[in-house]
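Scroll down for the structure; my scribbles are underneath it.
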Amino acid sequence: MIELPVRSLLVVVSAPSGGGKTTLCERLLGEFHQMVYSVSCTTRAPRDGETDGTDYYFISDEEFERRVQANEFVEHATVHGHRYGTLRRFIERGFASGRDVLMDIDVQGAEQIRASLASLPPSDPLCRGFVDVFIAPPSIDVLRKRLHLRGKDADAVIERRLQQAENELQRWREYRYLIVNDRLDASYDALRAIIVAEHHRLLNATA
Ligand code: 5GP
């Protein structure tokens, strides 16, 4: 038997809200048990059903700023008027334990991660394991319907999110993979195929 190296993926998934990203990420985590979800910090209030420490760490503006100053975030951004940030320690711990790390972040965060990776040598495990996937709704109208059906946000909030979505949708070309989420099952099959293929690429990575 050849001894296979343990190599982790750093999976970045971005999608406008209502794009079906949360469901897809939950299914990934349910299937790939070596994958951990990077729980972000946010200054927005929890929605119904969200749990502190599982969905997000819900923190104050002051606490967020303190963490920015303490360099605790690998990236942070303001989305829909609230601040969001990825904790450095989540990624470090995930990689140290040989697990894949799944990050659900917006286009600005993905851009910052790519920029930080560009300053590392290509053989760095973070560079080697980096995979970015953009999940797009089939259309803005479909997204509007999904956001209303979800019933979690007020109409004005939904309109703001749709406007933001139009801006984000312009940026799918920055990602290696694009999934148009028309049917959830087909999208999940595509996402899991990406993870499986990327693991095989990593096994054979010489860089
Ligand atoms: P929501 O408030 O609907 O959970 O998330 C709003 C947006 O913030 C989504 O596009 C989500 O991907 C993004 N987001 C969540 N956590 C982070 C983070 O840590 N960093 C960045 N840049 N975006 C995040």
Side-chain angles (χ1 to χ4, degrees), residues 10-26 28-29 36-61 63-68 70-94 101-117 126 130-137 140 143-144 146-172 174-175 177-179 181 187 191:
L10 181 63
V11 184
V12 167
V13 175
S14 300
S17 343
K21 178 181 46 174
T22 309
T23 313
L24 291 170
C25 287
E26 278 168 3
L28 264 193
L29 292 162
V36 279
Y37 180 67
S38 159
V39 180
S40 297
C41 292
T42 183
T43 60
R44 83 153 162 75
R47 297 196 188 106
D48 275 355
E50 284 184 332
T51 314
D52 187 50
T54 304
D55 298 289
Y56 284 105
Y57 293 105
F58 296 99
I59 62 176
S60 64
D61 282 306
E63 175 62 9
F64 196 98
E65 187 53 32
R66 189 195 65 71
R67 289 178 184 237
V68 170
N71 199 24
E72 288 186 26
F73 297 124
V74 278
E75 63 73 34
H76 59 92
T78 300
V79 188
H80 314 305
H82 301 289
R83 300 184 83 180
Y84 294 83
T86 302
L87 290 164
R88 192 178 300 283
R89 68 177 152 88
F90 249 97
I91 298 182
E92 285 171 357
R93 278 197 206 146
V101 179
L102 176 64
M103 298 164 64
D104 163 353
I105 61 175
D106 85 317
V107 291
Q108 306 167 71
E111 184 177 27
Q112 288 174 46
I113 297 282
R114 282 186 215 103
S116 327
L117 296 184
L126 290 172
F130 181 70
V131 185
D132 51 353
V133 184
F134 191 89
I135 299 172
I140 288 287
L143 193 61
R144 178 177 284 111
R146 284 187 193 159
L147 285 173
H148 280 289
L149 267 179
R150 185 166 83 170
K152 286 192 177 168
D153 297 299
D155 286 359
V157 173
I158 290 180
E159 282 314 309
R160 200 166 69 211
R161 282 176 184 254
L162 285 171
Q163 217 155 38
Q164 175 83 18
E166 290 201 55
N167 297 335
E168 287 187 3
L169 284 172
Q170 313 289 327
R171 299 185 58 180
W172 58 265
E174 296 167 23
Y175 291 71
Y177 294 103
L178 170 68
I179 297 176
N181 186 16
S187 300
L191 187 57

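Both ligands and their constituent atoms are indexed starting at 1 by order of listing. All values below were derived from every heavy atom in this structure, side-chain atoms included, with hydrogens, water molecules and symmetry-related copies excluded.
Within the 4.0 Å heavy-atom criterion, the part of Arg44 lying near ligand 1 is the side chain and not the backbone. Using a 4.0 Å cut-off between heavy atoms, Val79 contacts ligand 1 through its side chain alone, with no backbone atom that close. In Lys21, the part holding a heavy atom less than 4.0 Å from any atom of ligand 1 is the side chain. At a heavy-atom cutoff of 4.0 Å, ligand 1 is contacted by the side chain of Glu75 but not by its backbone. With a 4.0 Å heavy-atom cut-off, ligand 1 is reached by no atom of Ser14. By the criterion of a heavy-atom distance under 4.0 Å, neither the backbone nor the side chain of Gln164 is placed next to ligand 1.
Those atoms of ligand 1 that come under 4.0 Å of a heavy atom in Asp104, given as number and element, are 11 (C), 12 (O), 14 (N), 15 (C), 16 (N), 17 (C), 24 (C). Heavy-atom proximity to Ala77, at under 4.0 Å, picks out these atoms of ligand 1: 22 (N). Short contacts between ligand 1 and Gly109, defined as distances under 4.0 Å to a heavy atom of the residue, involve ligand atoms 22 (N). Remark: ligand 1 atoms within the under-4.0 Å shell around heavy atoms of Ala15 are 10 (O). Close contacts of ligand 1 with Gly85, meaning ligand atoms under 4.0 Å from a residue heavy atom, involve 18 (C), 19 (O).
Although no hydrogens or angles enter the test, the distance criterion places a donor-acceptor pair under 3.5 Å between the side chain of Gln112 and the main chain of His76. A donor-acceptor contact shorter than 3.5 Å links the side chain of Arg88 to the backbone of Asn71. Counting only distance, with no hydrogens or angles, the side chain of Thr43 and the backbone of Ile59 share no donor-acceptor pair below 3.5 Å.
Nearest protein heavy-atom neighbour of atom 5 (O) of ligand 1: Tyr56 OH, 3.3 Å. The protein non-hydrogen atom at the shortest distance from atom 16 (N) of ligand 1 is Ser40 OG, 3.2 Å. Remark: minimum distance from atom 3 (O) of ligand 1 to any protein heavy atom is reached at Arg47 NH2, 2.9 Å. Residue, atom and distance of the protein heavy atom nearest to atom 13 (C) of ligand 1 are Asp106 N, 3.8 Å. Counting only heavy atoms of the protein, atom 17 (C) of ligand 1 lies nearest to Tyr84 CB, 3.4 Å.
Salt bridge annotation for Glu63-Arg66: present, with a cationic side-chain nitrogen under 4.0 angstrom from a carboxylate oxygen. Salt bridge present: Arg114 and Asp132 bring a charged side-chain N and a carboxylate O closer than 4.0 Å.
Taking the six-membered ring for Trp and thresholds of 30 and 60 degrees, Tyr57 and Phe90 have ring planes inclined between 30 and 60 degrees apart.
Here the shortest heavy-atom pairing between Val101 and Gly94 reads CG2-CA, 3.9 Å. Here the shortest heavy-atom pairing between Leu87 and Phe73 reads CD2-CE2, 3.8 Å.
At a 3.5 angstrom cut-off on N or O pairs, Arg161 counts as close to ligand 1. The shortest N or O to N or O distance between His80 and ligand 1 is not under 3.5 Å.
Using a 4.5 Å heavy-atom cutoff, the side chains of Arg44 and Tyr84 are in contact. Side-chain atoms of Glu168 and Ser14, non-hydrogen and from C-beta on, never get closer than 4.5 Å to each other.
Centroid-to-centroid, the aromatic rings of Tyr175 and Tyr177 stay 6.0 Å apart or farther.
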